[in-house]
Asker: 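Starting off with a structure, shown below.
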Amino acid sequence: MLKNFWYAVEFSAAVTGSPTPVKLMGENYVLYRGEDGQVVAMRDRCIHRGASLAGGWVEGNCIRCPYHGWRYEADGTCVHIPADQAGTPIPKRARIDSFPIEERYGLVWLFVGDLPAEQRPPIPALPEYGDPAWRMITGEYTWNAHYTRVVESGLDSSHAPFVHSVFFNLRDDAEVPPYEVQMEDWSATARTISKPPKRAGLLKLIVKRDRPFSSATLTAHMPNINRIHLDFNFRGYQYIYFASNIPVDENTTLTKWIGLRNFLPQAWADWNSRKNTNDTYLEDKAVIESQVPRVVPLTGEILLASDSLQLAYRKLIRQCVERGWAVGSDYGIPSVSVSTNGNGKAPIEVSVG
Ligand code: FES
Ligand code: FE
């Protein structure tokens, strides 16, 4: 898991005047919205005797601990200890860590790390958000898996005929045409072409099956965001999936996702759109939760030309580890296991950049 990034940890609408607990990289935080409308993030542990502030309540822009009523300002400073005699000074150490917050795209972004504001990797762009041409739905789901495996599944162009066979039904035609990877400082992107799905639920009613191809532009925004931009190659119909795969801990990922489509803007079509996303999740979950090692290794495994985008993602992770941004034990012990594949050919090393 990597520090020094903005993590979208909750939908803005879920953060209110009632404290909300969130867990990120094994640490507990509490979020709340003060009366000034600003979201506050603090470590969710009272400095007095360790109670969770998420069980407390908000007063103005402050939060009150439910155990003995200590009151904290938005910057984490304790400003009231009810059990003290009037006039007793509050100990200087009576403060809790508070963390930078941004709200963007209807999500609350929490920064955990030690970089000053001007050096922090930016929150990725989502220009379609808020554009009336795009109908939005949101959702969430949980994986018993490390977030890096989840991100990689969203970069993977060769699993669809196998994992999503109901939708694609193309197992006898699974070749992935060569594609280019574009790497930027904090992202890797590739546009892949695929045969149109044979069965596509509601889409089959509006999309002709004789299209020559459809395309998917797949992006990993470091360290935990997937953007999947599908172009159905029909009347400009497109769908964008933007997912924050939150590293809750080393074996749990909570995905908060936004789905945007520029066709069928009516509310009745939301159900179908959400069902497609959830069905896809369940199919991916069955495989991803089986993967060993749990964390994507930075060396080893057999990455082929069709895996170039995952290779680029691993390169970006490695750069962050080399900067000293790894937290937890994920990359404490490198896992190395290189072998040739069954047909005697060496793994294809793919260069990206
Ligand atoms: Fe929070 Fe005592 S534990 S006030
Ligand atoms: Fe998938």
Side-chain angles (χ1 to χ4, degrees), residues 19 21 28-30 32 42-59 62-73 76-84 88 90-91 93-98 139 141-143 145-171 174 176 190 192 194-195 197 199-201 214 216-220 225-230 239-243 245 253 255 257 259 275-291 296 306-307 309-310 313:
N28 293 310
Y29 300 88
V30 59
Y32 66 91
M42 285 186 199
R43 204 174 291 291
D44 189 16
R45 193 170 62 205
C46 182
I47 196 74
H48 178 216
R49 302 245 303 275
S52 164
L53 296 168
W57 58 91
V58 174
E59 295 176 358
C62 300
I63 189 166
R64 182 80 76 173
C65 178
Y67 200 177
H68 313 95
W70 289 27
R71 176 179 157 124
Y72 296 93
E73 293 272 14
T77 310
C78 178
V79 290
H80 186 214
I81 298 179
D84 270 355
T88 308
I90 291 172
R93 286 192 307 114
R95 53 173 303 116
I96 302 176
D97 292 335
S98 74
Y141 30 63
T142 305
W143 320 74
H146 194 268
Y147 77 96
T148 50
R149 291 291 191 186
V150 175
V151 171
E152 282 205 343
S153 82
L155 307 177
D156 187 315
S157 0
S158 59
H159 77 297
F162 294 89
V163 177
H164 307 304
S165 59
V166 173
F167 195 80
F168 287 92
N169 193 24
L170 292 166
R171 285 188 180 169
V176 175
T192 62
S194 62
K195 304 267 171 50
R199 279 175 260 157
S214 58
T217 304
L218 309 171
T219 303
I225 290 173
N226 284 111
R227 178 187 161 107
I228 299 176
H229 189 155
L230 303 175
Y239 179 76
I240 294 167
Y241 171 80
F242 183 91
N245 303 297
T253 301
T255 297
W257 59 267
K275 182 176 185 316
N276 283 343
T277 305
N278 282 330
D279 289 353
T280 304
Y281 152 70
L282 290 172
E283 291 166 348
D284 282 323
K285 178 180 169 76
V287 187
I288 291 169
E289 293 186 353
S290 76
Q291 283 181 281
V296 300
S306 53
D307 301 314
L309 188 53
Q310 292 95 310
Y313 176 56

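Whatever order the structure lists ligands and atoms in, that order sets their numbers, starting from 1. Just so you know, these numbers come straight off a predicted model, no measurement behind them.
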Asker: I'd like to check which ligand 1 atoms, numbered from 1 as shown, lie under 4.0 Å from a non-hydrogen atom of Cys65.
Answerer: 1 (Fe), 3 (S), 4 (S)

Asker: Below 4.0 angstrom from a heavy atom of Trp70, which ligand 1 atoms are there? Numbered from 1 as shown, please.
Answerer: 4 (S)

Asker: With respect to atom 2 (Fe) of ligand 1, what is the nearest N, O or S atom of His68?
Answerer: ND1

Asker: Would you indicate whether Arg43, at its atom CZ, is surrounded by more than 12 heavy atoms from other residues, nucleotides or ligands within a distance under 6.0 Å?
Answerer: yes

Asker: Using 30° and 60° as the class limits, which term best fits the ring planes of Tyr72 and Trp70: parallel, tilted or perpendicular?
Answerer: tilted

Asker: Any donor-acceptor pair under 3.5 Å linking the side chain of Thr148 with the backbone of Val296?
Answerer: yes

Asker: Arg49 heavy atoms, cut-off 4.0 Å: which ligand 1 atoms fall inside?
Answerer: 3 (S)

Asker: With distance as the sole test, does Arg64 use its side chain to make a donor-acceptor pair with the main-chain N or O of Gly69 at under 3.5 Å?
Answerer: yes

Asker: Please list, in number order, the atoms of ligand 1 under 4.0 Å from a heavy atom of Tyr67.
Answerer: 2 (Fe), 3 (S)

Asker: For the pair Asp44 (side chain) and Ala54 (backbone), establish whether a donor and an acceptor sit closer than 3.5 Å, ignoring hydrogens and angles.
Answerer: yes

Asker: Answer yes or no: is there a donor N or O on one side and an acceptor on the other, between the side chain of Tyr281 and the main chain of Thr142, under 3.5 Å?
Answerer: yes

Asker: Suppose we only allow N, O or S atoms; which atom of His164 ends up nearest to the Fe ion (ligand 2)?
Answerer: NE2

Asker: Within a distance under 4.0 Å of any heavy atom of Ala51, pick out the atoms of ligand 1 and give their elements.
Answerer: 3 (S)

Asker: Tell me whether Cys46 has at least one N, O or S atom under 2.8 Å from atom 1 (Fe) of ligand 1.
Answerer: yes

Asker: Any N/O/S of Asp284 under 2.8 Å from the Fe ion (ligand 2)?
Answerer: yes

Asker: Around Tyr141, counting heavy atoms of other residues, nucleotides and ligands shown, do more than 12 lie under 6.0 Å from its OH?
Answerer: yes

Asker: Looking only at N, O or S atoms, which one in His48 sits nearest to atom 2 (Fe) of ligand 1?
Answerer: ND1

